[in-house]
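First listed ligand is number 1; within each ligand, the first listed atom is number 1. Below, each value reflects all heavy atoms present in this structure, side chains not excepted, and no hydrogens, waters or symmetry copies.
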Amino acid sequence: MHARHVVLACALLAVAACANTANKPAPAAPPAPAAARDDSLYRALGAQAGIEKVVDAALVEIHNDPHIDLFFANTDMPDLRRLLVEQFCAATGGPCEYTGRSMEEAHGGLNLTDEDFDRFVADLVRAFDKAAVPKDLQQQLLALFGPMRPQIVGQ
Ligand code: HEM
């Protein structure tokens, strides 16, 4: 091959390589580094041990509320505890993955009303008070779970 042809071939290859790069989809964004996750609420609640304490307090209040406790008559409570800990941990920015069902699925067939939901929230607030969760953190928690009402009520 003449030198001129080699140069031409190289130039063509370079164009092809360039075109190829241009057609490639943008590379996937790298996973967010752990530091980018806002885990301030998780940490303020006392991380894993704090979350477990809050969930345990909630389960006590639920159990002590006959109207709400009835809904859990057939529920595997250790499993529910595990799922609530995962959910609270994940929702507050902790290093957990929620592995339970969607809120629609989990509450499907229960026909929960707004009154049930409000009463459940009141039980939660009593539990947060007993677990000495500061009010500003309680508000942050309720702001995470309040919007789930439409997925839970009337399913
Ligand atoms: C923001 C409010 C609520 C949250 C975050 C929540 C969260 C959860 C979670 C994570 C589960 C487990 C999901 C699974 O089994 O895969 C669950 C199940 C359940 N929830 Fe809720 N829940 C809420 C409100 C309520 C209310 C108001 C009631 C009743 C008054 C209720 C009754 C139940 C019952 C009975 C189950 C167990 C269902 C079963 O055993 O199959 N939940 N909930």
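- Using a 4.0 Å cut-off between heavy atoms, D76 makes no contact with ligand 1 at all.
- Of all heavy-atom pairs spanning P147 and L142, the tightest one is CD-O, 4.1 Å.
- The backbone N or O of V133 lies less than 3.5 Å from a partner atom in the side chain of Q138, making a donor-acceptor pair.
- Salt bridge D116/R119: absent, no basic N to carboxylate O contact under 4.0 Å.
- Here the heavy atom of the protein found nearest to atom 41 (O) of ligand 1 is R101 NH2, 2.9 Å.
- The part of L80 lying near ligand 1 is the side chain, judged by heavy-atom distances below 4.0 Å.
- Between C96 and E86 the shortest heavy-atom distance is CB-O, 4.0 Å.
- Minimum heavy-atom separation, L80 to T75: CB-CG2, 4.1 Å.
- Counting only distance, with no hydrogens or angles, the side chain of Y42 and the backbone of Q48 share a donor-acceptor pair below 3.5 Å.
- Of the residues L141, D38, L137, the one that meets the side chain to side chain contact (heavy atoms under 4.5 Å, CB included) test with T92 is L141.
- By the criterion of a heavy-atom distance under 4.0 Å, the side chain of L112, and not its backbone, is placed next to ligand 1.
- Although no hydrogens or angles enter the test, the distance criterion places a donor-acceptor pair under 3.5 Å between the side chain of H107 and the main chain of M103.
- The contact set between ligand 1 and L83, taken as ligand atoms under 4.0 Å from a residue heavy atom, comprises 12 (C), 13 (C), 14 (C), 15 (O), 16 (O).
- Of the listed options T75, T99, L141, T75 places a heavy atom closest to atom 40 (O) of ligand 1.
- When only non-hydrogen protein atoms are considered, atom 36 (C) of ligand 1 lies nearest to F72 CE2, 3.6 Å.
- Residue-level check: among N/O/S atoms of H107, NE2 sits closest to atom 21 (Fe) of ligand 1.
- Counted within 6.0 Å of NE2 on H63, heavy atoms from surrounding residues, nucleotides or ligands total 12 or fewer; the atom is thus considered open.
- Nearest to atom 35 (C) of ligand 1 among the protein's heavy atoms is F71 O, 3.2 Å.
- If you look at M103 next to ligand 1, the close heavy atoms, those under 4.0 Å, all belong to the side chain.
- Using a 4.0 Å cut-off between heavy atoms, Q87 contacts ligand 1 through its side chain alone, with no backbone atom that close.
- A salt bridge is defined here as a Lys NZ or Arg NE, NH1 or NH2 lying under 4.0 Å from an Asp or Glu carboxylate O, and R126 with D65 fails to meet this definition.
- Atom numbering of ligand 1 starts at 1 in the shown order; those under 4.0 Å from a heavy atom of L84 are 7 (C), 8 (C), 9 (C), 10 (C).
- A salt bridge links R149 to D118: one of the charged nitrogens lies within less than 4.0 Å of a carboxylate oxygen.
- Protein heavy atom at the shortest distance from atom 38 (C) of ligand 1 is A106 O, 3.6 Å.
- Those atoms of ligand 1 with a heavy atom of F145 less than 4.0 angstrom away are 1 (C), 5 (C).
- Remark: ligand 1 atoms within the under-4.0 Å shell around heavy atoms of I68 are 30 (C).
- D56 contributes no side-chain N or O that, together with a main-chain N or O of K53, makes up a donor-acceptor pair within less than 3.5 Å.
- With ligand atoms numbered from 1 in the order given, ligand 1 contributes 16 (O) to contacts under 4.0 Å with heavy atoms of G100.
- Remark: minimum distance from atom 13 (C) of ligand 1 to any protein heavy atom is reached at Y98 OH, 3.4 Å.
- Numbered from 1 in the order shown, with element, the atoms of ligand 1 that lie under 4.0 Å from a heavy atom of F117 read 1 (C), 2 (C), 27 (C).
- Residue contacts with ligand 1 for F120 involve side-chain atoms from C-beta outward but no N, CA, C or O (heavy atoms, distance under 4.0 Å).
- Heavy-atom proximity to I152, at under 4.0 Å, picks out these atoms of ligand 1: 1 (C), 2 (C), 3 (C), 4 (C), 23 (C), 24 (C).
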